[in-house]
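Step one of this worksheet: look at the structure below.
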2 protein chains.
Amino acid sequence: MNKDILLQDQLKRTGLKTTRSRMAILDIMHDKDCPVTAEEIFLSLKEKEYQTNLSTVYRTLEALETADLVSRIQILNEDKKMFALNEVGHRHYLVCLECKRMVTIHGCPLENYDQHVEDETGFVILGHKLYLYGYCKECRPKRKVSGIDSSC
Amino acid sequence: MNKDILLQDQLKRTGLKTTRSRMAILDIMHDKDCPVTAEEIFLSLKEKEYQTNLSTVYRTLEALETADLVSRIQILNEDKKMFALNEVGHRHYLVCLECKRMVTIHGCPLENYDQHVEDETGFVILGHKLYLYGYCKECRPKRKVSGIDSSC
DNA sequence: CTACATGCAAACCGTTTGCACCCTA
DNA sequence: TAGGGTGCAAACGGTTTGCATGTAG
């Protein structure tokens with residue numbers, strides 16, 4: 001399978017051994033193509049009849065993070081953390097407050113803004129994080145909202 | 001003390017009883033004027049010789065959140081949550097990755113962007129969250145950085 | 001064959017909750 | 001005086017860790 005060779009390659013390049021777990025987890029994350037929790041990964045693995053363990057999932061994600069293939073992100077004041085595949089360039093997300101679905105936003109409205117703030121504050125700006133919150137087409141009917149959600 | 005009367009007023013308006021704990025916690029949050037953790041509040045109270053309890057701090061913050069005086073926010077992939085006083089309008093923060101200091105950014109570069117994304121995606125956008133990450137003047141010398149931090 | 005990966009169970013740590021007592025309105 | 005607030009200790013839940021075993025290179 002070509003895809004497997006690709007994943008193997010990614011691992012080899014970063015000095016990680018290619019184990020079944022790592023392949024399987026990268027595979028799932030590629031499929032989902034959006035941030036996921038450790039538990040979601042664990043459950044997906046189970047669904048695929050792949051026997052594993054939650055702590056292995058965490059350790060694998062940690063390894064992939066160190067290898068810069070994955071980042072750990074935190075949004076919506078939930079208690080769980082999410083993990084996302086690293087892509088070239090940075091990404092912004094649109095988050096549905098009802099179904100928790102996250103959609104990638106392409107392009108960046110803040111091209112020159114980082115520089116502007118550097119000049120104004122004396123910070124060295126390394127990057128930024130931008131999330132838009134709201135309700136998606138499907139969830140909109142479920143909630144009639146007047147004001148902005150306090151979690152925004 | 002005038003300040004106390006102000007805080008009392010804020011509480012009364014939201015239907016909360018004015019207790020020593022609530023006054024003390026609001027007071028500390030006003031003083032700090034930046035997001036803080038529950039534990040930081042707890043320690044500040046101790047410093048001021050105000051005997052209390054961590055779970056009271058959490059319960060108080062919860063009450064203040066329900067009353068819309070405070071919001072719970074989460075940034076930097078840390079395990080603790082932070083709490084911030086609600087202000088009119090929304091706020092954006094500049095976060096130092098070294099000392100964790102957060103500075104309020106005034107103004108918003110995304111005035112028309114929400115609308116633009118609504119049109120494009122069919123989401124109802126309720127709000128957005130924007131954080132800039134980097135190193136502040138004081139911490140800049142401590143770290144020589146080449147690329148963007150993976151937590152951004 | 002050796003260093004690194006994994007499974008399992010137990011520890012960890014921020015946060016929440018149950019319950020008895022206390023205090024504001 | 002009644003109903004909400006507080007302190008204390010124990011529970012909770014996501015994540016991490018120690019240790020014995022397994023496996024890729």
Side-chain angles (χ1 to χ4, degrees), chain A residues 4-5 7-27 35-43 45-46 49-67 69-83 100 151, chain B residues 4-5 7-27 35-43 45-46 49-67 69-83 100 151:
Chain A
D4 285 359
I5 295 177
L7 296 183
Q8 261 180 43
D9 224 56
Q10 258 186 335
L11 288 172
K12 209 170 289 173
R13 240 183 302 129
T14 59
L16 293 176
K17 285 186 183 171
T18 69
T19 63
R20 286 207 322 143
S21 281
R22 287 172 183 174
M23 298 285 281
I25 289 180
L26 277 180
D27 200 26
V36 284
T37 64
E39 202 189 1
E40 274 164 13
I41 292 176
F42 177 64
L43 293 177
L45 289 171
K46 227 178 203 168
E49 327 259 284
Y50 183 101
Q51 175 58 29
T52 183
N53 183 284
L54 237 195
S55 40
T56 300
V57 172
Y58 277 110
R59 275 196 275 231
T60 303
L61 287 168
E62 194 191 357
L64 295 175
E65 193 185 10
T66 311
L69 295 178
V70 157
S71 323
R72 194 179 300 239
I73 62 186
Q74 175 106 40
I75 16 175
L76 290 178
N77 300 317
E78 311 240 303
D79 288 326
K80 305 178 181 183
K81 285 185 181 148
M82 309 198 88
F83 298 83
K100 315 299 182 197
S151 68
Chain B
D4 284 1
I5 295 175
L7 296 183
Q8 262 181 43
D9 223 59
Q10 256 185 337
L11 289 172
K12 209 169 292 175
R13 239 183 302 128
T14 60
L16 292 177
K17 285 187 184 170
T18 67
T19 63
R20 285 208 323 144
S21 282
R22 288 174 183 171
M23 297 284 281
I25 289 179
L26 277 180
D27 199 28
V36 285
T37 64
E39 203 190 359
E40 275 164 11
I41 292 177
F42 177 64
L43 293 177
L45 288 172
K46 229 178 201 167
E49 327 259 284
Y50 183 101
Q51 175 58 31
T52 185
N53 182 283
L54 237 194
S55 40
T56 300
V57 172
Y58 276 110
R59 276 195 275 229
T60 302
L61 288 168
E62 194 191 355
L64 295 176
E65 193 184 10
T66 312
L69 295 179
V70 156
S71 324
R72 194 179 300 238
I73 62 186
Q74 176 106 41
I75 16 174
L76 289 177
N77 300 316
E78 312 240 304
D79 288 326
K80 306 179 182 182
K81 286 185 181 147
M82 308 195 90
F83 297 83
K100 316 297 184 199
S151 67

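Order of the sequence lines sets the chain letters (A, B, ...), proteins ahead of strands, with each chain counted from 1.
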**OP:** Taking only the side-chain nitrogens and oxygens of A:Thr18, find out if one of them lies under 4.0 Å from OP1 or OP2 of D:dA24.
**Re:** no

Subject >> Rounded distance (Å) that lies between atom C1' of C:dG7 and atom CZ of A:Arg20 >> reply: 13 Å

Subject >> Polar side-chain contact A:Arg59-C:dG7 base: donor and acceptor under 3.5 Å >> reply: yes

Original post:
Would you say A:Ser21 reaches C:dT6's phosphate, i.e. side-chain N/O to OP1/OP2 under 4.0 Å?
Top reply: yes

Subject >> OG1-CE distance between A:Thr60 and A:Met23, expressed to the nearest 0.5 angstrom >> reply: 13.0 Å

**OP:** Find which nucleotide of DNA chain C each of A:Lys17 and B:Ser55 is nearest to by heavy atoms, and output the residue with the more 5' nucleotide.
**Re:** A:Lys17

**OP:** Looking at every strand, decide which applies to B:Gln51 at a 4.0 Å heavy-atom threshold: base, sugar-phosphate, or nothing.
**Re:** sugar-phosphate

**OP:** Would you tell me if any nitrogen or oxygen in the side chain of B:Thr52 comes within less than 4.0 Å of OP1 or OP2 on D:dG7?
**Re:** yes

Original post:
Is a side-chain N or O of A:Arg22 found less than 3.5 angstrom from the main chain of A:Lys17, in a donor-acceptor match?
Top reply: yes

Subject >> Atom-to-atom span, NZ of A:Lys12 to P of C:dC4 - whole angstrom >> reply: 18 Å

Subject >> Separation of atom CE in B:Met23 from atom P in C:dT24, rounded to whole Å >> reply: 12 Å

Original post:
Under 4.0 Å between a side-chain N or O of B:Thr19 and OP1 or OP2 of C:dC23?
Top reply: no

**OP:** Using atom CG of B:Leu61 as one end and atom C1' of D:dT6 as the other, report the distance to the nearest whole Å.
**Re:** 14 Å

Subject >> CD on A:Gln51 to OG on A:Ser21, rounded to 0.5 Å >> reply: 10.5 Å

Original post:
Roughly how far, to the nearest 0.5 Å, is the CD1 atom of B:Ile41 from the OG1 atom of B:Thr56?
Top reply: 12.5 Å

**OP:** Starting at OG of B:Ser71, measure out to CG of B:Leu64 and round the result to the nearest 0.5 Å.
**Re:** 10.5 Å

Original post:
Does A:Asn53 place a side-chain N or O at less than 4.0 Å from the phosphate oxygens OP1/OP2 of C:dC8?
Top reply: yes

Original post:
B:Leu54 has an atom CG; how far is it from atom C1' of C:dT17, in whole Å?
Top reply: 14 Å

Subject >> Gap between atoms CD and C1', on A:Glu39 and D:dG13 respectively (whole Å) >> reply: 10 Å

Original post:
What integer distance in Å separates B:Met82:CE from C:dG14:P?
Top reply: 13 Å

**OP:** Calculate the interatomic distance between A:Phe42 atom CZ and D:dT16 atom C1'; express it in whole Å.
**Re:** 16 Å

